[in-house]
There are 2 protein chains.
Amino acid sequence: MMATIREVAARARVSVGTVSNVLSGAVPVSKRLRERVLAVVQELDYQPNQLAQSLKSRQTKMIGMVIRDITHPLFAPMMRGAQDAAWLQNYLLVMLDSDRQLEREQQILAALRTRRVDGILLAATGIEQAHVRAICEAGIPVVCLERELPGLGIDCVIADHFEGARKCVAHLAACGNRSIAFLHGDTSDWIERERFGGYRQGLEDAGVEFDQSLQAGDHSGSDEGYRAAAALLDRRPRPAAILAADATVAAGLLRAVRDRGLRCPHDITIAAFDDPFSCDVLRPRITAVSQPSYHMGSKAMEILLKRIQDPDRRRSTVTLETELHVRESSACSAAGSGAA
Amino acid sequence: MMATIREVAARARVSVGTVSNVLSGAVPVSKRLRERVLAVVQELDYQPNQLAQSLKSRQTKMIGMVIRDITHPLFAPMMRGAQDAAWLQNYLLVMLDSDRQLEREQQILAALRTRRVDGILLAATGIEQAHVRAICEAGIPVVCLERELPGLGIDCVIADHFEGARKCVAHLAACGNRSIAFLHGDTSDWIERERFGGYRQGLEDAGVEFDQSLQAGDHSGSDEGYRAAAALLDRRPRPAAILAADATVAAGLLRAVRDRGLRCPHDITIAAFDDPFSCDVLRPRITAVSQPSYHMGSKAMEILLKRIQDPDRRRSTVTLETELHVRESSACSAAGSGAA
DNA sequence: CTGAAAGCGCTTACAG
DNA sequence: CTGAAAGCGCTTACAG
């Protein structure tokens, strides 16, 4: 169906080597032959078979990106960033969705390996598992997104959750909120712990004493968040502000606020991580600390491509700043009612 | 770095053919040799090079899916559906995002072609362009999602927008709404015209005369929707219900409703296409006619794989039913206040 | 400048 | 059952 280099060569009455030389440009070819070859290429709509090229050159110019959950809004910009950075250097980014299933993730990694992708970007789940180790040991460069990986000696790109939380608390405090509660998500997660650490730092910076009774929750999930938020909201005196540690508990928080007929920010100030409600039509819009997803994706790709160039490069972890989006849910005169 | 079949053969003291036979299972191999081979395979963590396999077998077991805008919520379930259907038949689905840029789409298609994917799923933009034709002529099976393609003779999977609109209007009418307005999106788009057609059919079914003054708008976009919706809302008497033709004008509609302090569904009933605000925390939740994205993806993949098996198969267009999600924005006693 | 040949890592008839 | 050989579609020294 598709023309091969041999057919092109035959039709142009040259050797296949010459066709290859014309196309690659690596070796000079006389104008006469070059034009004859190009004419035939055009005529046959010849496209070199990259499989064969890759077999020789030992590179596929293809990067795989494994996404834990393609429906999660965090990842769309990340994929964009990675893809844009890949194009700049003539790599094709292929995206795979593991749907939070470890087994699928494993199959995907195996499939990428057997197809000899030049590198892999991991925004996945089971990143500490043996199958990732196998990939690394097979010599395929890997860059991990979102969290650091212990032991595998691979590059990572993460967001500065600690500092993000600190900045957010500073903002809340600057608005005059003294009793600032923390609505926990999954407390066993590194990211959550960083955020909590930054929260405490923020309190300290603001000269507010940490109050154990202003903490609630220890699991992710909208219902979990709802229950924990209810406990905080029903406390007397009610906290002035609540910082939700992840998007799922923030959703629960919002429901709890509404169920009580509380108005935000009038009765309660709210902020959350991960910009949970990208939904523009929601009112009030929620103040959020978001990860720089696009930048994380592009940065990770840049690092990956550098490592492909130079496998002995020093391993690095890049920490990128989060962004604080001040919106109506924490509006106050001190900070401006900044609707972005 | 990665072991080759030759190294395995040498180490197991057999021929490469024998290794291949053991691994493929196509030809019986004595137990003794098989075990020796498998032991070495294990020891070296040998993974066959799919590039070489594909070169021989002329199939890559890889399907490419081109997505117009990976950030658009419509596509996530579609990708999931396609991926699940692909795995079932041992194909790897790779997803590519064209970011609504025709040039990028073109590059992606070229990249997929040169990598000899076995088939392509298209949820793209410039599908009438020459570069798609080139793909088809190169003999790569293509299935198109969302809308039919003229002339190329390829399979398509689309949603029944006409019937979706008709059902929705039937619901609105059953709730007692007589004056049902239509907020147009991009009137040059086939999908929009289908929806409008279904709307008119629905009115007719309900015995309501079509009223030209209950139409507004002719472009997509939140601001465009806002303006057109404002015109409808400021009309006296105000329409009882408004059906928004796409997600962007629906967003504008919502803003216009709020700006006027109108309460929904008390003052006005609202419904929209494409389930625009997946955002669970939005109140009221909006009644919506959604495309069966997951099913569209899986169906398209099934058709594609069938065509790969049998290139001479009869061309088909599959039309799938939309889903009507009745929610608070159109709550009424007649239809139940059905929060799904 | 141009062509013949070897080789990338596999699979698959074909002998033995 | 097993191995030697040809071939998938390319690229790249190496002669000429």
Side-chain angles (χ1 to χ4, degrees), chain A residues 1-38 40-41 44-62 110-111 113-118 138-140, chain B residues 1-38 40-41 44-62 110-111 113-118 138-140:
Chain A
M1 206 100 214
M2 298 213 228
T4 70
I5 197 172
R6 200 145 61 193
E7 301 175 58
V8 175
R11 195 131 176 175
R13 283 165 298 124
V14 297
S15 71
V16 297
T18 297
V19 175
S20 180
N21 288 335
V22 168
L23 261 29
S24 74
V27 174
V29 175
S30 74
K31 195 173 175 202
R32 233 170 47 86
L33 290 200
R34 176 155 20 97
E35 286 177 349
R36 230 158 68 198
V37 167
L38 290 176
V40 175
V41 164
L44 264 43
D45 192 20
Y46 168 68
Q47 303 271 137
N49 183 330
Q50 166 100 316
L51 298 171
Q53 290 182 326
S54 295
L55 195 57
K56 279 246 64 167
S57 66
R58 324 188 66 83
Q59 55 172 348
T60 54
K61 287 291 194 174
M62 192 160 95
R113 178 179 175 190
T114 197
R115 283 174 180 79
R116 301 294 190 266
V117 294
D118 294 335
I140 303 180
Chain B
M1 206 101 216
M2 297 211 227
T4 70
I5 198 174
R6 199 139 66 187
E7 302 176 57
V8 174
R11 196 132 178 173
R13 282 164 297 125
V14 299
S15 72
V16 297
T18 298
V19 175
S20 179
N21 288 335
V22 168
L23 262 28
S24 74
V27 174
V29 176
S30 73
K31 197 175 173 201
R32 235 169 47 86
L33 290 199
R34 178 155 20 98
E35 287 177 349
R36 232 157 68 198
V37 167
L38 289 177
V40 174
V41 164
L44 265 43
D45 191 22
Y46 168 69
Q47 302 272 138
N49 182 329
Q50 167 100 321
L51 297 171
Q53 290 182 327
S54 295
L55 195 56
K56 278 245 63 166
S57 67
R58 324 188 68 83
Q59 55 172 347
T60 54
K61 287 290 194 174
M62 193 160 94
R113 177 178 174 188
T114 197
R115 283 175 180 77
R116 301 294 190 265
V117 294
D118 294 335
I140 303 181

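Just so it is clear: chains get the letters A, B, ... in the order the sequence lines come, proteins before strands, and each one is counted from 1.
Contact check for R116(A) versus M2(B): side-chain heavy atoms found under the 4.5 Å cut-off. Two residues are said to be in side-chain contact when any heavy atoms from C-beta on lie closer than 4.5 Å; E35(B) and L38(B) fail this criterion. The side-chain heavy atoms of V8(A) and L44(A), taken from C-beta on, include a pair separated by under 4.5 Å. Side-chain contact between Q50(B) and M62(B) is absent, with no heavy atoms from C-beta onward closer than 4.5 Å. Two residues are said to be in side-chain contact when any heavy atoms from C-beta on lie closer than 4.5 Å; T4(B) and N49(B) fail this criterion.
Taking CD of Q47(A) as the reference point, atom CZ of R115(B) lies at 11.5 Å (rounded to 0.5 Å).
Between T4(B) and dG9(C) there is no side-chain polar atom (N or O) within less than 4.0 angstrom of OP1 or OP2. Side-chain nitrogen and oxygen atoms of S57(B) include none within less than 4.0 Å of the OP1 or OP2 phosphate oxygen of dT11(C). Distances shorter than 4.0 Å separate none of the side-chain N or O atoms of S30(B) from OP1 or OP2 on dC1(D). Between dT12(D) and S20(A), no contact under 4.0 Å exists linking OP1 or OP2 to a side-chain N or O.
Where V19(A) and R6(A) meet DNA chain D, the nucleotide closest to each residue was compared, and R6(A) sits on the side nearer the 5' end. Toward the 5' end of DNA chain C, the nearer of the two residues P28(A) and V16(A), judged by each one's closest nucleotide, is P28(A).
If you measure from atom CG of L44(A) to atom C1' of dG9(D), you get 15 Å, rounded to the nearest angstrom. The separation between R115(B) atom CZ and dG9(D) atom P is 18 Å, rounded to whole Å. What separates CD1 of I5(A) from P of dG9(D) is a distance of 11 Å, to the nearest Å. As rounded to whole Å, 16 Å separates atom C1' of dT11(C) from atom NZ of K61(B). Between the C1' atom of dG9(C) and the CD atom of Q53(A) lies a distance of 16 Å, rounded to the nearest Å. Atom CZ of R13(B) is separated from atom P of dA4(D) by 15 Å (rounded to the nearest Å). Atoms CG (L23(B)) and C1' (dG9(C)) sit 13 Å apart, rounded to a whole Å. In this structure, CG of L55(A) is placed 4 Å from C1' of dC8(C), rounded to the nearest angstrom.
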>> Evaluate L33(A) against V22(A) for side-chain contact (heavy atoms from CB on, under 4.5 Å), listing each step before the verdict.
In response: CA-CA 9 Å; L33(A) 290 200; V22(A) 168; 5.8 Å; no

>> Using side-chain contact (heavy atoms from CB on, under 4.5 Å), reason through S54(B) and L51(B) one step at a time and then give a plain yes or no.
In response: CA-CA 5 Å; S54(B) 295; L51(B) 297 171; 5.9 Å; no

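Of the candidate nucleotides dT2(C), dC10(C), dG9(D), dG9(D) has the atom lying nearest to any side-chain atom of N49(A). Checked against dT2(C), dT12(D), dG3(D), the side chain of L33(B) finds its nearest nucleotide in dG3(D). The side chain of R58(B) lies closest to dC8(D), out of dG3(D), dC8(D), dG3(C). Comparing dT2(D), dT12(D), dC10(C) by their closest approach to the side chain of N21(A) singles out dT12(D).
Scanning DNA chain D for stems, defined as runs of 3 or more consecutive Watson-Crick or G-U wobble pairs whose donor-acceptor distances all fall under 3.5 Å, gives the following ranges: C:1-3 with D:14-16, C:5-12 with D:5-12, C:14-16 with D:1-3.
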